[in-house]
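Scroll down for the structure; my scribbles are underneath it.
No experiment lies behind these values; they were computed from the predicted model shown. Letters A, B, ... mirror the listed sequences (proteins, then strands); counts begin at 1.
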Protein chains: 2
Amino acid sequence: MTSVEEPARPNGRIRDAARTKAEILDVATTEFARAGYDGARVDEIAARTRTTKRMIYYYFGGKEQLFTAVLERAYSVIRQAEQELDVEHLDPVAAIRRLAEVTFDHHEAHPDFIRLVSIENIHDAAHITASEELGRIGSPALEVTGRILRAGRESGLFTADVDAVDLHALISSFCFFRVANRHTFGALFGRDLTAAEQREHYRTMLGDMVIAYLTADRSAD
Amino acid sequence: MTSVEEPARPNGRIRDAARTKAEILDVATTEFARAGYDGARVDEIAARTRTTKRMIYYYFGGKEQLFTAVLERAYSVIRQAEQELDVEHLDPVAAIRRLAEVTFDHHEAHPDFIRLVSIENIHDAAHITASEELGRIGSPALEVTGRILRAGRESGLFTADVDAVDLHALISSFCFFRVANRHTFGALFGRDLTAAEQREHYRTMLGDMVIAYLTADRSAD
DNA sequence: TGACTAACGAACCAGTTCGTACATAACTTG
DNA sequence: CAAGTTATGTACGAACTGGTTCGTTAGTCA
């Protein structure tokens, strides 16, 4: 997520709009993810930047718009990762398992993003709803998923009555919960869902769960 | 969650410690769930009460302790619901399905609780960790779940390698995600996971998923 | 019944927080 | 290189916010 490279310049006033803007976004992402929207302090974000609070208002307009910009960039990262998804050459079962694994890995790799999503939900997705940019992006992975599901159903492998959106919800829920709720879960049940040595266990568990669900014998129904 | 009954008394100063305390907790629960910890305002909580801010500090000590008290009460509600769980007379498959349904229903019925859990996770479960009361309560349902799982495995019905805690995570994740992330999910994918007409679909989906996972044919492994 | 205490209310305070007014320096372009 | 534009830093303030101070009243018990 850190996209600012140090130009290793001496200090003194430098004019580099792109760098300043990107640096503010980087710091703001960390700060909002750490403390929540209301918990985050504009002064604190500015202080961790090589520029001043003035620039936050100059480039983004205010705290609210800054948070929206943070969300927009965070979502664009997933969209990009999804577009690189290459599973259509696999058979349906392997493709879905791969999709689940990619989702799992992405959640694990971006805990800050998970926190931002939690925070945005506490605010009833007000910023996403207001953002034109976020309204336009669907999810590139959904179409791929839809095609795989159709192929799996046509070949008789998949029996479950779900569409791509439902399947996405099912996969995401497990990945999301494991990262987002690890603190309360750990405190209450004494198990760290994100412990490194459990990683493979949960990754396999997710894949098994999804495939078992999709391919379950429903002849008794 | 609303536990304060109106005594229908005329106004003027009344002395009722229990009522005042409970009313503060009720209002604080709503307010924290609505705005998050930092977003919630002590003045606002007081204003929505029939008493004053002074009483919040008198009874709870401060904002932080008030939030902890809110969490403690919210968790005690589930613990109680879990203790009323009566599934051990059912066969393993029916028992687990029932467990999943009860969890599903509880999440749906208590969206405020879900929000509080999200909020607490943003704060790294600091309050739960600090609370003695919350440290003591495990989860009464876990032992029941463990017995069912063992019975299912002994009878050869269940093949999955999971314990009660993992199963609880699996079930909770779907129920939690559906409620907690409904706003961002709805905004991005145009589907309201909590729409009334979809309720049965997702409730069934959860049960099917859990049972399919637990009973999947693993002879090929 | 009168003294004591738990419960309560109004006003206030000190520190914080978002946002802005003003000044100025660094590039760009004619 | 002069004039204009873009980018940047400093200082400040009005409103808010968690927490407290001080005083009062309702219940209760010797």
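Between its opening and closing five pairs, the helix from dT1(C)-dA30(D) to dG30(C)-dC1(D) changes axis direction by 0°, a value rounded to 10 degrees.
Between the side chains of His127(B) and Glu64(B), at least one donor-acceptor pair of N or O atoms lies under 3.5 Å. Side-chain contact annotation: Asp166(B) with His201(A), donor-acceptor N/O pair under 3.5 Å present.
Atom-to-atom distance recorded for Tyr75(B):OH and Phe113(B):CZ is 4.5 Å, nearest 0.5 angstrom. Rounding to the nearest 0.5 Å places CG of Asp43(B) at 4.0 Å from NZ of Lys53(B).
Looking at heavy-atom distances under 4.0 Å, Ala40(B) makes contact with sugar-phosphate atoms alone, never a base. Nucleic acid contact for Thr52(A): base, since at least one base atom lies under 4.0 Å from a heavy atom of the residue.
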- prompt: When you look at Val210(B) and Ile171(B), which way does the side chain to side chain contact (heavy atoms under 4.5 Å, CB included) test go after all the steps?
  reply: CA-CA 7 Å; Val210(B) 174; Ile171(B) 293 172; 3.8 Å; yes

So which protein N/O to nucleotides 3-6 of chain C N/O distances come out below 3.5 Å?
from: dA6(C); atom 1: N3; to: Arg15(B); atom 2: NH1; distance (Å): 2.8
from: dA6(C); atom 1: N3; to: Arg15(B); atom 2: NH2; distance (Å): 2.9

N/O-N/O pairs, protein side and nucleotides 19-21 of chain D side, under 3.5 Å:
from: dG19(D); atom 1: OP2; to: Tyr57(B); atom 2: OH; distance (Å): 2.9
from: dG19(D); atom 1: OP2; to: Lys63(B); atom 2: N; distance (Å): 3.1
from: dG19(D); atom 1: N7; to: Lys53(B); atom 2: NZ; distance (Å): 2.8
from: dG19(D); atom 1: O6; to: Lys53(B); atom 2: NZ; distance (Å): 2.4
from: dT21(D); atom 1: O4; to: Arg54(B); atom 2: NE; distance (Å): 3.3

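Heavy-atom minimum distance, Tyr213(A) versus Ala160(A): O-CB, 3.7 Å. Here the closest heavy-atom approach between residue Leu142(B) and residue Ala164(B) is recorded as O-CB, 3.5 Å.
With a 4.5 Å cut-off on side-chain heavy atoms, Leu188(B) and His183(B) do not count as touching.
Ring-plane geometry between Phe185(A) and Phe177(A) is classed as perpendicular, the angle between the planes exceeding 60 degrees on a 0 to 90 degree scale with a lower cut at 30.
Using a distance-only test at 3.5 Å, with no hydrogens or angles considered, a donor-acceptor pair links the side chain of Thr145(B) to the main chain of Ala141(B).
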